[in-house]
Amino acid sequence: MDQTSTSHARPVEREFSPRAVITGIVLGILLTPSNVYAGLKIGWSFNMSIIALLVGYGVWQGLAKRSAVGLPWTLHESNINQTVASAAASIISGGLVAPIPAYTLLTGQQLDALPMVAWVFSVSFLGIWIAWYLRPSLLNDKALRFPEGMATLETLLHIYNHGHEAATRLKVLLGATLLSGLAKWVDSFVWAIPRWSPSAQLERLTFTADPSLLLVGFGGIIGIRVGLTLLLGALLAWGGLAPWLLVNGLVQLPPGSNGPQFAVLVEWLLWPGVSLMVCSTLASLAIRLWALHASTRASGGTTWAIPKAGPAVGFLLAIVLVVSLQAMLFGINPWMALLTIPLAICLAAVAARVVGATGIPPIGAIGQLSQLSFGIVAPGQVPINLMSANTAGGSAGQCTDLMNDFKVGRAIGATPRKQLLAQTLGIFIGSIVGVLAYLALIPDPQTMLLTEEWPAPAVATWKAVAQTLTHGLDSLSASIRWAIFIGGFAGLLLGILDSLLPAHRARYLPSTAALGLAFVLPASVSLMMALGAVLTWLVSCRWPSLTERFAITAAAGLIAGESITGVGASLWEMLGNL
C-alpha cells in the first residue's frame with residue numbers, strides 16, 4: 001500500500017452512524033434537484049461532496065460546541081455523509097438529463113415515475129458493483145491520483161485542522177445560496193426580470209442578458225480558458241453562422257416570428273457542435289488511454305489486477321435488474337441487453353482510469369462511445385441505441401463517483417463496505433428525488449426541451465447521435481453533412497493537440513467541450529458563464545488567496561440557490577395546475 005494513501009488514516013470512532021446517514025440523505029434530497037436543473041439548463045453538473053462536508057460539519061460541530069452532551073462530528077462521519085449526498089446528486093449520470101429525455105423526443109414514449117425510478121437506480125446500482133470490483137486494481141496503481149477525490153480529502157482534512165475556516169466558508173456558502181435563491185424567487189413570483197438586448201436582430205440570435213446567478217456561479221468554477229472559449233463559440237455560432245444561415249435560406253424562420261429564435265436555429269447548429277464535441281473527446285480519450293498504458297508498462301506494473309472475491313450476489317442482482325428492465329420497459333431482447341454488461345465493465349474501467357489520471361470524467365465520450373458500439377451491433381434500433389448505451393455510460397458515471405469516494409476513504413482508514421452501503425443509500429434516495437425533480441421541471445419534454453428556457457445540450461447530443469446512427473447521414477441536408485464533417489475534423493484536430501502538447505502550451509487552445517457546447521446553448525447562457533469566469537479571474541489576479549479560499553464555495557452557493565428555488569417554483573406551478 002502506498003504511503004500517501006495511509007498518511008491521513010485515523011482511528012475510527014464513529015462512522016456509519018444514524019446521524020451521518022440521515023444528514024447525507026437530507027443533503028442529498030436538497031442537492032439532487034440542483035444537478036437535475038443544471039444538467040437540463042447547461043449540460044453540466046457539480047460535485048456536491050464539498051458542500052455536504054461544509055454543511056454537515058457546520059451543523060453537528062456547532063451543536064456539539066453548544067451542548068455539553070453533544071458528541072463531536074467525526075472525520076469518518078463526515079466521509080459517510082458526503083458519500084451519501086454526492087451519490088444522490090450524481091444520479092443524473094443514470095440518464096435523467098440525456099438518454100431518457102432523448103428517448104422521449106425520438107419515440108414519443110415517456111416513462112411513468114415508478115419505472116423511471118427503477119431504471120435510473122438499476123443503472124447506477126450496476127456502476128457501484130463494478131467500482132467495488134475495480135477498487136483493488138485502481139487504488140493500488142500509483143499512477144492514478146484521483147484529483148477530484150484528493151480535493152475532497154484536502155477539504156475534509158482542512159476543516160478538521162482549521163475549524164474557524166470551515167465556519168467562514170459555510171457562511172459564504174449560505175450567503176451566496178440565499179442571494180441566488182432570492183433573485184430566482186423574485187424573477188419567478190414577484191417581477192420577471194427583463195432579458196435586455198441591444199437590438200431586435202441580436203435578440204433574435206439569442207444575444208440577451210440572462211439574469212441567472214447560477215450561470216455566473218458555473219462560470220466561476222469552469223475557469224478563464226473554458227469561459228473565454230464559450231464566448232468565442234457563441235460569437236462563432238450565433239453571431240457568425242446563424243446570420244449566414246438565415247441570409248442563405250438554409251434555416252427558415254416562422255412567419256411573423258419575434259424574440260429569440262433558439263429552437264429553430266439550434267436544429268442546424270447542434271450538428272457541427274455535437275460532432276466537434278464527440279470527435280474531440282473520443283480522440284483525447286484514446287490518446288490518454290494509450291499514454292496510461294505505455295506509462296504502466298514502462299514502470300513494470302500491470303494495467304489490471306485481479307480483484308479478490310467479493311459479494312457476488314450484489315453484482316448478480318444488479319445484472320438481473322438492469323437486463324430485465326431493458327426487456328420490460330423498452331422491449332429490448334434479453335440477449336442483446338446482456339451485451340451491455342461487458343461493455344459497461346470495460347467503459348467503467350476506462351472512465352475510472354481517465355478520472356484517476358486527470359480528474360476529468362469523460363462521461364460524454366463514454367456515452368457516445370456506447371451509442372456507437374450499439375449502433376454497429378444493432379443498427380437502426382432507437383431503444384437499444386439509447387437505453388442500452390445508457391446502461392453502459394450511466395454505470396460508468398456512477399463508478400467514477402464511487403472510486404473518488406474510495407480514494408478518500410482509503411486515505412482516512414474508512415471501511416469500504418460501509419462506503420458501498422452509503423453509496424447505495426445515496427443512489428436510492430437520488431433516484432426518487434431526481435425523477436420527481438425531472439418530472440416537475442419537464443412535464444412535457446416534446447414541447448419544453450431544446451428550447452431557450454431548457455436547452456438541454458446533453459439531450460441534443462444523444463438525440464443527434466441516435467438519429468444519425470438510425471437514419472444515416474443521407475437523411476440530413478447537404479449543408480448539415482458538410483457542417484458535421486468540418487466540426488468533426490476540427491474536433492479531432494483540437495482533441496489530438498490538447499492531448500499531445502505540453503500543458504503550458506495546451507492551455508492556450510480553446511476547450512473543445514466548451515466550444516462545441518456553445519453551438520447547442522443560447523448565446524445568452526454562454527455570455528453569462530463567460531462573465532462569471534472573467535469576474536472570478538479578475539478577482540484572483542487582485543486577491544489570489546481570497547479567491548482560492550472562497551471562489552468555489554461562493555459559486556456552489558449560487559448554483560444551489562437558484563436551482564433549488566427553480567425546482568420549487570416548478571413544483572408550485574404544477575400544484576397550481578392540478
Side-chain angles (χ1 to χ4, degrees), residues 34-35 37-46 97 176-177 179-188 191-199 202-239 242 259-263 265-266 269 273 441 450-458 460 510-511 513-540 547 551-552 554-566 569:
S34 295
N35 271 348
Y37 185 94
L40 292 168
K41 278 283 187 184
I42 60 173
W44 285 342
S45 60
F46 183 68
V97 301
T177 302
L179 174 64
S180 181
L182 180 63
K184 182 63 179 176
W185 179 78
V186 169
D187 188 43
S188 300
W191 175 63
I193 302 173
R195 275 63 174 167
W196 177 82
S197 180
S199 68
L202 288 174
E203 183 182 9
R204 184 171 65 169
L205 299 172
T206 73
F207 283 94
T208 59
D210 190 330
S212 169
L213 293 179
L214 175 141
L215 299 178
V216 175
F218 263 104
I221 291 171
I222 60 180
I224 190 66
R225 178 196 175 198
V226 176
L228 291 179
T229 302
L230 283 170
L231 178 60
L232 171 66
L235 295 175
L236 178 64
W238 299 94
Q261 299 300 306
F262 172 79
L265 289 166
V266 80
L269 290 173
L441 290 169
L450 308 188
T451 62
E452 189 177 22
E453 183 181 2
W454 297 105
S511 164
L515 190 61
L517 196 64
F519 280 69
V520 190
L521 291 173
S524 56
V525 171
S526 296
L527 292 178
M528 290 303 291
M529 292 176 72
L531 175 64
V534 171
L535 289 176
T536 305
W537 177 74
L538 290 173
V539 172
S540 70
T547 309
I552 299 295
L558 294 178
I559 294 167
E562 179 175 328
S563 53
I564 291 171
T565 308

Where do [X] and [Y] come nearest, in terms of heavy atoms and distance?
X      : Y      : answer
Ile42  : Leu517 : O-CD2, 3.7 Å
Ala237 : Ala518 : CB-O, 4.3 Å
Leu205 : Ala523 : O-CB, 4.2 Å
Gly220 : Thr536 : CA-OG1, 3.2 Å
Leu231 : Ala530 : CB-CB, 4.0 Å
Gly227 : Ala533 : CA-CB, 3.8 Å

Legend entry - Pair Glu452, Thr206: side-chain N/O donor-acceptor within cut-off below 3.5 Å: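 Not at all, the side chains of Glu452 and Thr206 share no donor-acceptor pair under 3.5 Å.
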Legend entry - Modelled atom types, side-chain donor and acceptor of Ser34 and Ser563, under 3.5 Å: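 Short answer, yes.
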Nearest 0.5 Å, please: how far is [atom2] in [Y] from [atom1] in [X]?
X      : Y      : atom1 : atom2 : result
Ile559 : Lys41  : CD1   : NZ    : 14.0 Å
Leu230 : Ile222 : CG    : CD1   : 5.0 Å
Trp191 : Ile193 : CH2   : CD1   : 6.0 Å
Leu40  : Leu450 : CG    : CG    : 10.5 Å
Met529 : Thr229 : CE    : OG1   : 11.5 Å
Leu558 : Ile221 : CG    : CD1   : 9.0 Å

Checking [X] side chain against [Y] main chain: does a donor-acceptor pair fall under 3.5 Å?
X      : Y      : answer
Thr208 : Ser524 : no
Asn35  : Phe46  : yes
Trp238 : Phe262 : no
Lys184 : Leu179 : no
Thr565 : Gly561 : yes
Glu562 : Leu214 : yes

Inset, instruction - Decide if atom CH2 of Trp185 counts as having more than 12 heavy atoms of other residues, nucleotides or ligands within a radius under 6.0 Å. - result: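 Counting other residues, nucleotides and ligands, CH2 of Trp185 stays at 12 neighbours or fewer.
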Side chains of [X] and [Y]: closer than 4.5 Å at any heavy-atom pair?
X      : Y      : result
Val226 : Phe218 : no
Leu236 : Phe519 : yes
Val520 : Leu269 : no
Leu531 : Leu527 : no

